[in-house]
Amino acid sequence: MSRDVVKVILWEERQKDYLKKLYDLQFIPRIGEEIYINRENWKVMRIEHDVEVSEINIYIEIVKKSKPEKEKSPSNS
């Protein structure tokens, strides 16, 4: 059995900037899933599969880091 190599291209969702090109990934992330690339967390927004050229375009958006909030202890203890 021969297996074709699928090209996976990651794009920044808003700017349409090319981030990374990978080949033959074992797992394709799902929409809404977070992935770690270039030392930052990204969320998958959209996936397009072009069967004619064996290409998958994954559009991702950077996850903004929120400052951890300190837990407030109950005042009526």
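Here the structure is a predicted model, which means the values were calculated and not measured.
- Remark: K7 pairs with E55 by the salt bridge (charged side-chain N to carboxylate O under 4.0 Å, His left out) rule, at least two apart or across chains.
- By the salt bridge (charged side-chain N to carboxylate O under 4.0 Å, His left out) test, E48 is found to be paired with R46, residues two or more places apart in sequence or in another chain being considered.
- Atom-to-atom distance recorded for I47:CD1 and I28:CD1 is 7.5 Å, nearest 0.5 angstrom.
- Applying the side-chain hydrogen bond (donor to acceptor under 3.5 Å, both in side chains) rule to W11 yields the partners N57; only residues at least two apart in sequence or on another chain are considered.
- With I37 as the fixed residue, the side-chain contact (heavy atoms from CB on, under 4.5 Å) test singles out one of I62, L22, L10: L10.
- Scanning both residues, I31 and M45, for their nearest heavy atoms gives CG2-O, 3.7 Å.
- When all heavy atoms of V44 and P29 are compared, the closest pair comes out as CG2-CB, 3.8 Å.
- Legend: residues meeting salt bridge (charged side-chain N to carboxylate O under 4.0 Å, His left out) with E61, ordered by chain and number and at least two apart, are R14.
- Note: H49 NE2 to I58 CD1 = 10.5 Å, rounded to the nearest 0.5 Å.
- Under the side chain to side chain contact (heavy atoms under 4.5 Å, CB included) criterion, Y36 pairs with R39, N41, not counting sequence neighbours.
- Identified under the salt bridge (Lys or Arg N to Asp or Glu O under 4.0 Å) test for residues 25-37, with sequence neighbours left out: none.
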